[in-house]
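Data first, discussion second: the structure below is written as structure tokens.
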Amino acid sequence: MTAHVAAEPTAADRRRWARHLVEERAEGMVYQKLAARKTGEERDILQSLADAERRHEQHWLDLLGGEPGRLPKAGIRSRLLAWMAGRFGSIFVLVLAQSAEARSPYDTEQYATAAMRADEKIHHEVVRGLAARGRRRLSGSFRAAVFGANDGLVSNLALVLGIGATGVGSSFVLFSGIAGLLAGALSMGAGEFVSVRSQRELLASTEANDDAAHSAGDLDIDENELALVYRARGMDHTEALARSRRIIAAAQEGVRRTATAPVRTQGAGSGHDIVGSDWTAAISSFFLFVSGAIVPVLPWIFGLQGMTAIIVALVLVGIALLVTGAMVGILSGGPPLRRALRQLAIGFGAAAITYLLGLVFGVGAV
């Protein structure tokens, strides 16, 4: 299907075509770079998106009569995405590309074909699907990273502000901040270690094994409890009975049933792989907390004192809270500014309470 084309395109039309051309090239480059970092199905999907962008690029080249002598620069968003695609993980690029694809310029472009408009809507859904895959893979580790860093930021800011408000010396505030950093990080690391180790031990105690099947040769083919084993693992009565009869018959004939695998309930996989390493979880939690908790202490480490140190700490922590909140907003597909301000309000609210308590105790101690 062809687009409705005016008899005599104006100079403004040709400038608009040129902008569409460079934007399609930039978008195609984004998908090409992302495809180069992937394998398998995701690589094929991203490569197909890049090919589609080249088809759109060719449409504008045909209208322009070939490559123009001068072309405008692509928009800053497209250039930023292309730069990020070659250097960072695809999830951040995909969530930004998702919002870009949602705002197609072809809805009001008379020289774009109906097929191109349909392509853009399909691209939005494809990119949203890829971004959803990335969010699912990242959700657990990203949640832990945001939680650990944010916990360190807020708890240690509250600590140093509360201690500082009592009027004690700067060295005591610094000591308290370092102590809070170590105590919180060790607590986070120990908690993660115990949590993951306990979960791994729980999974190990519930894993299925083939001990019952190995004794099948000694069972009576009609009167036995082997079917109950499979029913306990999630099979229905008929299927469990049929499987137990097959195993017993094969065992009595001296045939080893190597193909009989444990039945897994829905959602089960390698439990240990899902949970992960206890030491990895502990060490990562330790350093994530430290990365946040060190920020409020920096002014005192560099020798600042009193209200100056408090203001600098608030500024540094405020920037960090805004950044983490904006990242959550970007990855969740929500408005980054709203998420950033929410994170800032929660963090500063907690710190304000402890600061006021410090003022109260400081006045009472005078």
Side-chain angles (χ1 to χ4, degrees), residues 1-86 88-135 330-331 333-336:
M1 185 181 295
T2 58
H4 171 69
V5 180
E8 291 294 335
T10 64
D13 289 332
R14 295 183 64 83
R15 287 194 297 270
R16 195 170 64 254
W17 298 346
R19 284 196 301 273
H20 291 323
L21 172 63
V22 297
E23 288 296 329
E24 292 290 1
R25 281 181 176 171
E27 290 178 13
M29 183 62 67
V30 169
Y31 296 132
Q32 192 70 51
K33 288 182 177 181
L34 290 177
R37 299 169 65 93
K38 295 290 184 179
T39 58
E41 183 185 35
E42 288 192 44
R43 180 189 181 95
D44 294 340
I45 293 172
L46 289 164
Q47 187 62 59
S48 296
L49 289 175
D51 294 341
E53 300 297 354
R54 279 193 285 271
R55 291 197 303 271
H56 296 180
E57 174 189 340
Q58 189 60 48
H59 172 80
W60 301 116
L61 278 173
D62 292 342
L63 286 179
L64 289 165
E67 184 75 21
R70 297 182 62 183
L71 285 171
K73 287 186 177 180
I76 187 169
R77 175 190 288 268
S78 298
R79 284 182 284 159
L80 177 62
L81 285 177
W83 180 81
M84 291 176 65
F88 302 107
S90 61
I91 178 60
F92 289 99
V93 181
L94 286 171
V95 294
L96 292 173
Q98 176 185 335
S99 61
E101 291 285 4
R103 297 187 297 272
S104 172
Y106 297 156
D107 290 339
T108 57
E109 173 58 72
Q110 64 171 327
Y111 289 93
T113 66
M116 290 170 68
R117 296 188 188 98
D119 281 348
E120 292 297 313
K121 291 179 171 58
I122 294 299
H123 291 180
H124 176 241
E125 292 303 318
V126 173
V127 173
R128 180 162 61 180
L130 291 174
R133 283 189 184 187
R135 288 188 183 104
I330 290 172
L331 288 175

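These numbers were taken from a predicted model, which means no experiment stands behind them. In what follows, every heavy atom counts, from backbone to side chain, and hydrogens, waters and symmetry copies are set aside.
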Any idea which heavy atoms bring [X] and [Y] closest together, and the distance?
| X | Y | answer |
| --- | --- | --- |
| R79 | A74 | NE-O, 2.9 Å |
| Y106 | R117 | O-NE, 2.7 Å |
| L21 | P68 | CD2-CD, 4.2 Å |
| R14 | L64 | NH2-O, 3.0 Å |
| L71 | A18 | CD2-CB, 3.9 Å |

Is the number of heavy atoms from other residues, nucleotides or ligands within 6.0 Å of CE (M116) greater than 12? yes

With no hydrogens and no angle check, is any side-chain donor or acceptor of H59 less than 3.5 Å from a backbone partner on Y111? yes

Checking Q47 now: which residues fulfil side-chain contact (heavy atoms from CB on, under 4.5 Å) with it, not counting sequence neighbours?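 Applying side-chain contact (heavy atoms from CB on, under 4.5 Å) to Q47 gives Q32, A35, A50, D51, R54.
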
Do E109 and R16 pass the side-chain contact (heavy atoms from CB on, under 4.5 Å) test, and can you show the C-alpha distance, the side-chain angles, and the key distance before you say yes or no? CA-CA 9 Å; E109 173 58 72; R16 195 170 64 254; 2.5 Å; yes

Walk me through it: do E53 and V30 pass the test side-chain contact (heavy atoms from CB on, under 4.5 Å)? CA-CA 10 Å; E53 300 297 354; V30 169; over 6 Å; no

For the pair R25 and E67, find out whether any cationic side-chain nitrogen is under 4.0 Å from an anionic carboxylate oxygen. yes

What distance do [X] atom [atom1] and [Y] atom [atom2] have between them, rounded to the nearest 0.5 Å?
| X | Y | atom1 | atom2 | answer |
| --- | --- | --- | --- | --- |
| L49 | D44 | CG | CG | 11.0 Å |
| L46 | E41 | CG | CD | 10.5 Å |
| E57 | D62 | CD | CG | 10.5 Å |
| D13 | L63 | CG | CG | 9.5 Å |

